[in-house]
2 protein chains.
Amino acid sequence: MNPIFHALFQKNRYLTNCLNEVLKQHHLYSSQWTILYCLHKNGPMTLTQIWKYLNVEAPSITRAITRLEALGWVQRLDGEDKREKIVTLSTQAEERLPAITATIRAFEEEMVGSLTAEEQEQFLKLLEKMKG
Amino acid sequence: MNPIFHALFQKNRYLTNCLNEVLKQHHLYSSQWTILYCLHKNGPMTLTQIWKYLNVEAPSITRAITRLEALGWVQRLDGEDKREKIVTLSTQAEERLPAITATIRAFEEEMVGSLTAEEQEQFLKLLEKMKG
DNA sequence: AGTATTTATTTAGCTAGGTAAATAATTTTA
DNA sequence: TAAAATTATTTACCTAGCTAAATAAATACT
């Protein structure tokens with residue numbers, strides 16, 4: 001296998017495992033956090049808005065939201081268009097998000113901190129230059 | 001979320017989806033192919049050798065090998081040490097691998113070809129420089 | 001030799017992604 | 001306006017990663 005692919009897949013696995021490890025203290029998985037952060041940043045969103053924003057398929061989001069709702073992090077409200085459900089953060093989630101965000105920032109700093117700002121920019125540029 | 005992480009996770013998803021798409025013609029999933037390639041390159045291996053080489057956990061490999069065996073791509077043979085199973089490619093797999101490898105090479109070329117050799121090297125260096 | 005520890009594999013059960021198809025509500029069109 | 005097409009969400013089921021714990025064989029230690 002092309003070493004670039006190999007390295008990219010490995011790093012991806014490694015980083016998500018680390019992220020999950022770090023999020024354990026908040027009783028969250030990485031992709032749950034991704035959704036909470038998305039809602040925090042954008043306010044209430046429909047399921048479709050969420051999965052289009054995060055670039056995954058609808059069923060992944062349905063499942064994740066069902067779990068997040070059961071755990072009390074979000075609510076599903078009926079939209080004006082009766083087909084759509086609007087997802088909002090619970091007040092509990094709003095309260096906890098600052099602490100979680102701090103954890104994440106520290107983690108990201110640790111992981112990416114070994115690269116200079118210039119290298120980070122270069123890395124992003126190369127990632128985007130890869131076809132897709 | 002840090003844009004580097006975001007971009008890396010997205011690209012990872014995108015590439016594995018593309019890879020699966022391309023491998024459909026050979027009736028394989030990307031991680032099945034990863035294992036076949038590993039065996040092709042290294043010859044017969046125990047399960048432990050495989051998962052250590054690929055940097056994943058043992059149960060993932062057990063499951064994948066079970067499936068590959070059911071589909072006729074590999075065999076599990078008892079080792080001299082009766083605890084270990086030695087995995088070998090079937091002759092059918094050996095016959096088909098060249099065509100599959102060609103497909104993969106073309107795909108990789110298409111994906112990574114937008115980067116110059118220098119950029120590819122740089123990308124790898126940056127990936128490795130990220131903590132982990 | 002007999003017990004304790006380690007090692008290799010497997011099983012069970014979780015999140016997280018995917019596709020295909022079902023359902024219900026809305027829009028378009030004839 | 002009734003039928004057809006589209007859209008939002010869900011359900012069912014697949015691969016693919018993970019951890020924790022079970023099992024069986026080999027090794028180490030009295």
Side-chain angles (χ1 to χ4, degrees), chain A residues 9-24 26-36 38 44-71 73-74 76-87, chain B residues 8-24 26-36 38 45-71 73-74 76-87:
Chain A
F9 291 162
Q10 297 255 15
K11 190 62 81 174
N12 183 81
R13 267 205 306 278
Y14 176 72
L15 287 174
T16 52
N17 289 347
C18 289
L19 197 44
N20 279 327
E21 187 58 38
V22 146
L23 281 170
K24 254 187 195 160
H26 301 288
H27 309 288
L28 276 175
Y29 287 94
S30 55
S31 65
Q32 295 175 325
W33 177 76
T34 303
I35 293 174
L36 296 184
C38 173
M45 298 171 85
T46 67
L47 285 166
T48 299
Q49 286 174 326
I50 296 174
W51 65 259
K52 288 200 169 153
Y53 184 82
L54 295 178
N55 237 297
V56 296
E57 298 302 319
S60 307
I61 296 302
T62 293
R63 192 178 350 84
I65 293 294
T66 301
R67 188 89 184 99
L68 283 172
E69 192 176 29
L71 294 170
W73 291 96
V74 303
R76 259 191 193 88
L77 306 175
D78 281 350
E80 194 149 318
D81 181 333
K82 284 294 193 297
R83 288 171 301 183
E84 62 190 19
K85 304 282 170 65
I86 294 162
V87 185
Chain B
L8 193 140
F9 291 163
Q10 298 255 16
K11 191 61 81 174
N12 183 81
R13 266 205 306 277
Y14 175 72
L15 288 174
T16 51
N17 290 348
C18 289
L19 197 43
N20 280 326
E21 188 57 39
V22 147
L23 281 172
K24 253 186 196 161
H26 301 288
H27 310 287
L28 276 176
Y29 287 94
S30 55
S31 65
Q32 294 175 326
W33 177 76
T34 303
I35 292 173
L36 296 182
C38 174
M45 298 171 86
T46 66
L47 285 167
T48 299
Q49 287 174 326
I50 296 174
W51 64 259
K52 287 199 170 155
Y53 183 82
L54 296 178
N55 238 297
V56 297
E57 297 303 319
S60 306
I61 297 302
T62 293
R63 193 179 350 85
I65 293 294
T66 300
R67 188 89 184 99
L68 283 172
E69 192 175 30
L71 294 170
W73 292 95
V74 303
R76 260 191 193 88
L77 306 175
D78 280 350
E80 193 148 318
D81 180 332
K82 284 292 192 300
R83 288 170 302 182
E84 63 190 21
K85 304 282 172 61
I86 293 163
V87 185

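We name chains A, B, ... by the order of the sequence lines, and we start the count at 1 in each one.
In this entry the distance linking CG of B:L77 with P of C:dA8 reads 18 Å, nearest Å. Counting to the nearest Å, the C1' atom of C:dA8 and the CD1 atom of B:I50 are 13 Å from each other. One can place NZ of B:K52 at 10 Å from C1' of C:dA8, the figure rounded to the nearest angstrom. For B:M45 and C:dA8, the CE to P distance is 13 Å, given to the nearest whole Å. Here the P atom of nucleotide C:dT10 and the CD atom of B:E84 are 12 Å apart, to the nearest Å. For the pair B:D81 CG and C:dT6 C1', the interatomic distance rounds to 12 Å; values are reported in whole Å. Atom NZ of B:K82 and atom C1' of D:dT23 are 17 Å apart (whole Å). The separation between A:Y14 atom OH and D:dG17 atom P is 18 Å, rounded to whole Å.
Although no hydrogens or angles enter the test, the distance criterion places no donor-acceptor pair under 3.5 Å between the side chain of B:S60 and the main chain of B:V56. No donor-acceptor pair closer than 3.5 Å links the side chain of A:E84 to the backbone N or O of A:D81.
Contacts of A:I86 classified as side-chain contact (heavy atoms from CB on, under 4.5 Å), with partners at least two apart in sequence or in another chain: A:P44, A:T46, A:T88. Shown here are the ring-ring contact (aromatic ring centres under 6.0 Å, His included) partners of B:W51, two or more places apart in sequence or in another chain: there are none. In this structure, the side chain to side chain donor-acceptor pair (under 3.5 Å) partners of B:S30, at least two apart in sequence or on a different chain, are B:N20. Residues that satisfy the side chain to side chain donor-acceptor pair (under 3.5 Å) test with B:T66, not counting sequence neighbours, are B:R76. Here B:N17 pairs with nothing under the side chain to side chain donor-acceptor pair (under 3.5 Å) rule; sequence neighbours left out. Not counting sequence neighbours, B:R13 has no partner by the salt bridge (charged side-chain N to carboxylate O under 4.0 Å, His left out) test.
Taking only side-chain nitrogens and oxygens, B:K85 comes nearer than 4.0 Å to OP1 or OP2 of C:dT10.
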Nucleotide N/O to protein N/O under 3.5 Å, stretch nucleotides 3-7 of chain D:
| unit_1 | atom_1 | unit_2 | atom_2 | d |
| --- | --- | --- | --- | --- |
| D:dT7 | O4' | A:R83 | NH1 | 3.4 |
| D:dT7 | O2 | A:R83 | NH1 | 3.1 |

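Residue-level contact check: B:T48 touches the backbone only, with heavy atoms under 4.0 Å from sugar-phosphate atoms and none from bases. A:T46 comes within 4.0 angstrom of sugar-phosphate atoms only, judged by non-hydrogen atoms across all strands, and of no base.
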Footprint string (nucleotides 13-20 of chain C, 5' to 3'): B base within contact, S backbone only, - free, heavy atoms under 4.0 Å: --SBBBBB
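Residues in residues 54-67 of chain B take part in no salt bridge (Lys or Arg N to Asp or Glu O under 4.0 Å) pair, two or more places apart or across chains.
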